[in-house]
Undergrad: 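Take this structure first; my questions come after.
Here the structure is a predicted model, which means the values were calculated and not measured. Heavy-atom basis, side chains included; hydrogens, waters and symmetry copies ignored.
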Amino acid sequence: MSKVIEILNKTNGLYGYRVIENSVSSYELFFVHKNLETVRSTDSKATYVTVYTEHDGRIGDSAFQVYQSMSDDDIKEKTEQAIARANLVSNEPYELTDKGTLDAALPTNLDKYAPEELGRLIADAVYAADTEPGGSINALEIFIYKDIKHVVNNRGVDKTETKYRVMIEAIPTFTDGKQSVELYEDYRFTIFEPEKLTAEIADKMKEVSERSKAQKPGKELNINVLLRPHEIRSLAAELAHDQNYSSIYMHANLHKQGDNLQEGDCDKLNVTMKAIVAGSERSAYFDDDGAQLYDTEVIKDGIVCGSFGSNRFGQYLKVQRPSGDLKCISVGAGTLTDEDIKAEPYLECVSMSGLQLDLYNDYIGGEIRLAYYFDGEKTTPITGITMSAKLSDVLSTLRLSKETDVSGAYEGPVKALLKNVSVL
Amino acid sequence: MPFSTYLDGCRQDCRALVSELGKSFDYVSILGTDVRSAVYRADRKTSMACEGEGECGFVVKMHKGRSFYEYSCDDIRGDKKALAEKIINAVKISGELTDRQIKAEKVEDEPMKKDFVRETDFDDFTDEYLLGVCKKISEELCAKDEKVLNGFGMIMPYRVSKLFITKNRELSQHYGWANGYAMALYNDGKMVQARHVEGSDRLSEIIEKTKASLDGVIDLAKHLVTAQPIKPGVYDIITDPSITGLIAHEAFGHGVEMDQFVKDRALAKNCVGQYVASPITNMHDGAAATLSVASYFFDDDGVLAHDTQIIKDGILVAGLSDLASATQLGTEPTGNGRRDNYRRKAYSRMTNTFFCPGKDKLEDMIASVKHGYMIFETNNGMEDPKNWQIQCTAEYGIEIVDGKLTDNYVSPVVMSGYVPDLLKSISMISDSFKIEGSGFCGKGYKEWVRVSDGGPHLKARCKLG
């Protein structure tokens, strides 16, 4: 990076610059059934340079990548090309992030292990859950990363963040005679807790055995639907991202501050975008501008109350203290208890192809791969169904669980109840 | 712009590293990549002209009868003996995993030396001109209707240089592709986005067609504001080529990626030679099957591009494989080994995937529908190759009543169901054909590669919600 900065400091015609250097080293194991198919290791560094020019009272910017292969002359040529491009770009003026130094590491215990040993321990923890008769883990991919992000600009920002993280993709499978079914699961963490990992995989092994018994319901249902954290996060994130500074600046936001998203009698949404959620790989101390991050409440008691986003678009909207680019999300607890849930028949979505949300069309839906159907007396697994509803209707009758948990970049209720959803 | 001068200058370094690592492994390959892209974009308030996501680095692949090993790095110049030691050390495994390594046949290393080039016209256009086109698209969209909140124009060309070297093989390829977008954000009581996407290896074509699309974009926006949710149900559908491609890709393509066969993750493994679709259905995939975004000359395992027929007259006849899966299955690799970038593993991936044209006229297909929907524009899709459930989301549909398209728009439209039910319900296939060359495909939720898909119009029966 020092070579790049030296060249930028000697370059004429610049209003400013920003350099982001992402160093990534990884150790990766790929299992087929229980056998090791591929071992990978990576050692790479990506350097992204953005140059800013001032012309006609406007700001132009242009970015390029610097590769290890590049000579000083290559970098100079790239810089000149980027300046020429920036001079073609005409944006509303804004100030680059000002001053700030940091060299910090996110909390982890992954750095205590040699990568090859950690890889084996993770594999052991996953396969320790492979004990269900008829069950198996047909594929397992383990990615162990060490990321170092370094952001420098010409205004005195010089920040470094070190992050260790693990991503696992596991495929729990259940075979009963000729029929075989699977669920797709990924896990991301920054703190390795083998017992917790084994327990989570074991839960999925039980669920996939339920999928093998699951039947398509004989009739169309209009029923209360329970969502789990993965889908609750999708719902909250869709609503929150409508309030990103850039969406607002581009006139792409559907809702405005003060809009009430939940007119009815329900658990009101409280959504906060956050810098850090304990254990989440998306936690960060600063964003790509090197800007300090400030947790920001976006929805309070069901009413849109705030917005968030990058330094540039925050300035465009005259935000006094832009939040920075926040990646984690927190949803406030509700009042829903297990007794409340069981008061009426419900469908609990265990695995979906992906929750489909369309704010503009007021739509929520998606294909459900496995759900538990409680008919008021007994619970049975069902599959091959699709749910759909008006988003505004389900928000206005939404119930959120009292119980909360942390899942990936989300912290909040473990269950959300959507009322009167059409299931076909 | 010619083939990467940097990669060209690394040929001897690659040969030397292959030779050094060859002392420890039976098979060693090196893939060098140099991919450059640019983004030109303008809307009512902002503009952009910069490099897009690119890559420049190497991945070394090694094999000696057991597990495959890979090491990705930015540079391979310098002391080869030291680098080889570093690589071997970086991919060492815990001793307790040694007995759990797979056993795989020797990897074939057929001799070949060839340089492939497909020229583009990208150098005919300056930054200033391309950004100017985007600004003009944005301005014209905004000027067409006061209800346009914002208009967006975007052009994204990219160029690929790849070098592949083994003991017996030395291949290089250089080609490019570009996409153009026009999009309007429109509010007439309801906010909608309407867009047009183009893909080609000729920027001149993209510019011309994107500019010509603007009236259509506004017309679509005006209809989309009237769109209502669809009443969930099972309907006769007519697909546009984009949705035909989405079905080919999500419903069946992922299920015949043969690394899933190795993991027993695909139902299709047990269906080769069986009817999986209606007998009028034929489906292909291949980098050499058509010219589109995924039309390379050799894959990331150094296997030459193929044109693979997957479904022949309704019968599943072949799958798609990368080197590792083909080696484990004892089959020939089909040129479908693809990486997100040099830092990622190669998997069996689709390229250009499509249904073949049939004999029906689109107007006859529409006329044959008593009540149903014609479905347009891919939004997203999700595969489930083990259980053959699908979810495909279209941007919008138009109701068909008594054999005629109405003015009743529905949006969004989520198609779901059981893959064989959908494919066996195909009853008419149009004689037209179009490939959409602008897509990205993930494997699960990662490993993004550029893909195209498409084909003719299909008539089928499907659950919509």
Undergrad: Establish, from distance only, whether the side-chain atoms of A:Ser351 and A:Arg369 form a donor-acceptor pair under 3.5 Å.
TA: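 Judged by distance alone, the side chains do not pair up.
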Undergrad: Is the backbone N or O of B:Ala324 less than 3.5 Å from a side-chain atom of B:Gln328, with the two atoms forming a donor-acceptor pair by type?
TA: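 Between the backbone of B:Ala324 and the side chain of B:Gln328 there is a qualifying donor-acceptor contact (under 3.5 Å).
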Undergrad: If we define contacts as heavy-atom pairs under 4.5 Å, which of A:Ser62, A:Ser388, A:Ala46, A:Ser69 has the most with chain B?
TA: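 When all of A:Ser62, A:Ser388, A:Ala46, A:Ser69 are compared, A:Ser69 has the most.
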Undergrad: Would A:Ser26 and A:Thr42 count as a side-chain hydrogen bond (donor to acceptor under 3.5 Å, both in side chains) here? Give the steps.
TA: CA-CA 5 Å; A:Ser26 75; A:Thr42 71; 2.6 Å; yes
Undergrad: Could you tell me which portion of B:Leu185 (side chain, backbone, both or neither) has an atom closer than 4.5 angstrom to a non-hydrogen atom of chain A?
TA: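 Looking at B:Leu185, just its side chain touches chain A.
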Undergrad: Between B:Asp259, B:Asn380, B:Asp75, who has the most heavy-atom pairs with chain A when the cutoff is under 4.5 Å?
TA: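 Counting heavy-atom pairs under 4.5 Å, the top option is B:Asn380.
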Undergrad: I'd like to verify something: which residue of A:Gln65, A:His251, A:Glu37 has the highest number of heavy-atom pairs under 4.5 Å with chain B?
TA: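 That would be A:Glu37.
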Undergrad: Sort out for me which of A:Glu117, A:Glu28, A:Lys390, A:Met387 touches chain B most, counting heavy-atom pairs under 4.5 Å.
TA: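 Winner by heavy-atom pair count: A:Glu117.
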Undergrad: Which answer fits B:Lys103, side chain, backbone, both or neither, if we ask what part of it has an atom under 4.5 Å from a heavy atom of chain A?
TA: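 Contact with chain A is absent: no heavy atom of B:Lys103 under 4.5 Å.
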Undergrad: Decide side-chain hydrogen bond (donor to acceptor under 3.5 Å, both in side chains) for A:Tyr187 and A:Glu169; before the verdict, give the C-alpha distance in whole Å, the side-chain angles of both, and the deciding distance to 0.1 Å.
TA: CA-CA 7 Å; A:Tyr187 301 86; A:Glu169 184 183 270; over 6 Å; no
Undergrad: Please flag which part of B:Gln260 lies under 4.5 Å from any non-hydrogen atom of chain A: side chain, backbone, both or neither.
TA: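 Neither part.
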Undergrad: I want to know whether A:Phe313 and A:Tyr94 have ring centres closer than 6.0 Å.
TA: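 Distance test on ring centres: not under 6.0 Å, no.
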Undergrad: Can B:Ser4 and B:Ser161 be counted as having a side-chain donor-acceptor contact under 3.5 angstrom?
TA: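 B:Ser4 vs B:Ser161: no donor-acceptor pair found between side chains.
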Undergrad: Pick one of side chain, backbone, both or neither for A:Ala252, based on which atoms fall under 4.5 Å of a heavy atom in chain B.
TA: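 Contact with chain B: backbone and side chain both.
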Undergrad: Where does B:Leu131 contact chain A at under 4.5 Å (heavy atoms): side chain, backbone, both or neither?
TA: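 Only the side chain of B:Leu131 comes within 4.5 Å of chain A.
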Undergrad: Ignoring hydrogens and geometry beyond distance, is a side-chain donor-acceptor pair present between B:Gln391 and B:Ser416 at under 3.5 Å?
TA: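 No, B:Ser416 and B:Gln391 have no side-chain donor paired with an acceptor closer than 3.5 Å.
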Undergrad: Checking A:Phe143 against chain B: side chain, backbone, both or neither under 4.5 Å from a heavy atom?
TA: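 Only the side chain of A:Phe143 comes within 4.5 Å of chain B.
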Undergrad: For B:Lys45, which atoms come within 4.5 Å of any heavy atom of chain A: side chain, backbone, both, or neither?
TA: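 It is both, since atoms from each part get that close.
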Undergrad: Sort out for me which of B:Arg66, B:Glu53, B:Lys135, B:Met62 touches chain A most, counting heavy-atom pairs under 4.5 Å.
TA: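 Going by pairs under 4.5 Å, I would pick B:Glu53.
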Undergrad: Please determine, among B:Met415, B:Lys345, B:Arg344, the option with the most heavy-atom pairs under 4.5 Å with chain A.
TA: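 Highest number of pairs under 4.5 Å: B:Lys345.
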Undergrad: With under 30° as parallel and over 60° as perpendicular, where do the rings of B:Tyr347 and A:Phe30 fit, or are they tilted in between?
TA: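 Because their plane-to-plane angle is over 60°, the rings of B:Tyr347 and A:Phe30 count as perpendicular.
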Undergrad: Out of B:Ser67, B:Gly233, B:Ala227, which one racks up the most heavy-atom pairs below 4.5 Å with chain A?
TA: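 The answer is B:Ser67.
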Undergrad: Which atoms of B:Asp43 are under 4.5 Å from chain A, going by heavy atoms: the side chain, the backbone, both sets, or neither?
TA: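 Only the side chain of B:Asp43 comes within 4.5 Å of chain A.
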Undergrad: Among the options A:Thr173, A:Asp61, A:Asn87, A:Ile171, pick out the one with the most heavy-atom pairs lying under 4.5 Å from chain B.
TA: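 Max contact count across the listed options: A:Ile171.
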Undergrad: Which bit of B:Asp384 comes within less than 4.5 Å of chain A, counting heavy atoms only: side chain, backbone, both or neither?
TA: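 Interface part for B:Asp384: both.
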Undergrad: Is B:Gln228 in contact with chain A via its backbone, its side chain, both, or neither, using a 4.5 Å heavy-atom distance?
TA: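 Neither part; nothing is under 4.5 Å.
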Undergrad: Quick one: what part of B:Lys446 sits under 4.5 Å from any heavy atom of chain A, side chain, backbone, both or neither?
TA: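 Just its side chain gets close to chain A.
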Undergrad: Which bit of B:Tyr342 is near chain A, if near means a heavy-atom gap under 4.5 Å: side chain, backbone, both or neither?
TA: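 Contact with chain A: backbone and side chain both.
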Undergrad: Tell me, please, whether A:Tyr127 has B:Arg100 positioned over its six-membered ring: NZ or CZ under 6.0 Å from the ring centre and within 45 degrees of its axis?
TA: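 Yes, cation above the ring, under 6.0 Å and within 45°.
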Undergrad: Flag the one option from A:Glu116, A:Gln68, A:Arg85 with the top tally of heavy-atom pairs under 4.5 Å to chain B.
TA: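 Maximum pair count with chain B is reached by A:Arg85.
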Undergrad: For B:Ser411 and A:Asn361, test the side chains for any donor-to-acceptor distance below 3.5 angstrom and give the result as yes or no.
TA: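 Their side chains do contain a donor-acceptor pair, which is all the 3.5 Å distance test asks for.
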Undergrad: At a 4.5 Å cut-off on heavy atoms, which part of A:Phe64 comes close to chain B: side chain, backbone, both, or neither?
TA: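 For A:Phe64, heavy atoms of backbone and side chain both lie under 4.5 Å from chain B.
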Undergrad: As an exercise: rank B:Ala90, B:Pro412, B:Cys73, B:Gly381 by heavy-atom pairs under 4.5 Å with chain A and give me the winner.
TA: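 Counting heavy-atom pairs under 4.5 Å, the top option is B:Pro412.
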Undergrad: Just wondering, do B:Thr46 and A:Glu92 contact through their side chains at under 4.5 Å, heavy atoms?
TA: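 No - every pair of side-chain heavy atoms lies 4.5 Å or more apart.
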Undergrad: Are a donor atom and an acceptor atom from the side chains of A:Ser247 and A:Asn253 found within less than 3.5 Å of each other?
TA: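 Not at all, the side chains of A:Ser247 and A:Asn253 share no donor-acceptor pair under 3.5 Å.
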Undergrad: Considering only heavy atoms, which portion of B:Lys386 lies under 4.5 Å from any heavy atom of chain A: side chain, backbone, both, or neither?
TA: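 It is both, since atoms from each part get that close.
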Undergrad: Which one wins on heavy-atom pair count under 4.5 Å against chain B: A:Asn35, A:Val24, A:Asp43, A:Leu359?
TA: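 Most pairs with chain B among the choices: A:Asp43.
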Undergrad: Just checking, is any N or O donor in the side chain of B:Ser72 or B:Arg343 under 3.5 Å from an acceptor N or O on the other one?
TA: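 B:Arg343 and B:Ser72 do not have a side-chain donor-acceptor pair below 3.5 Å.
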Undergrad: Sort A:Ser353 into side chain, backbone, both or neither according to what part of it lies under 4.5 angstrom from a heavy atom of chain B.
TA: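 For A:Ser353, backbone and side chain are both near chain B.
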Undergrad: Looking just at side-chain N and O atoms, do B:Thr33 and B:Glu55 make a donor-acceptor pair shorter than 3.5 Å?
TA: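 Yes, a side-chain donor-acceptor pair sits under 3.5 Å.
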Undergrad: Which region of B:Asp264, side chain (C-beta onward) or backbone (N, CA, C, O), has a non-hydrogen atom less than 4.5 Å from a non-hydrogen atom of chain A, or is it both or neither?
TA: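 Contact with chain A: backbone and side chain both.
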Undergrad: Strictly by modelled atom types, are A:Ser71 and A:Asp74 linked by a side-chain donor-acceptor pair under 3.5 Å?
TA: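 Side-chain D/A pair, A:Ser71 to A:Asp74: present.
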Undergrad: Relative to chain A, which segment of B:Asn187 carries a heavy atom at a distance below 4.5 Å: side chain, backbone, both, or neither?
TA: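 Neither part.
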Undergrad: Does the side chain of A:Tyr67 pick up a donor-acceptor pair with the side chain of B:Asp74 at under 3.5 Å?
TA: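 Side-chain D/A pair, A:Tyr67 to B:Asp74: absent.
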Undergrad: Below 4.5 Å, heavy-atom pairs only: which of B:Asp127, B:Val39, B:Val234 has the largest tally toward chain A?
TA: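 Among the listed options, the one with the most contacts to chain A is B:Asp127.
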Undergrad: Does a donor on one side chain sit under 3.5 Å from an acceptor on the other, for A:Tyr48 and A:Glu21?
TA: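 Per modelled atom types, A:Tyr48 and A:Glu21 side chains form no pair under 3.5 Å.
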Undergrad: At a heavy-atom separation under 4.5 Å, does B:Ala38 approach chain A through its side chain, its backbone, both, or neither?
TA: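 Looking at B:Ala38, just its side chain touches chain A.
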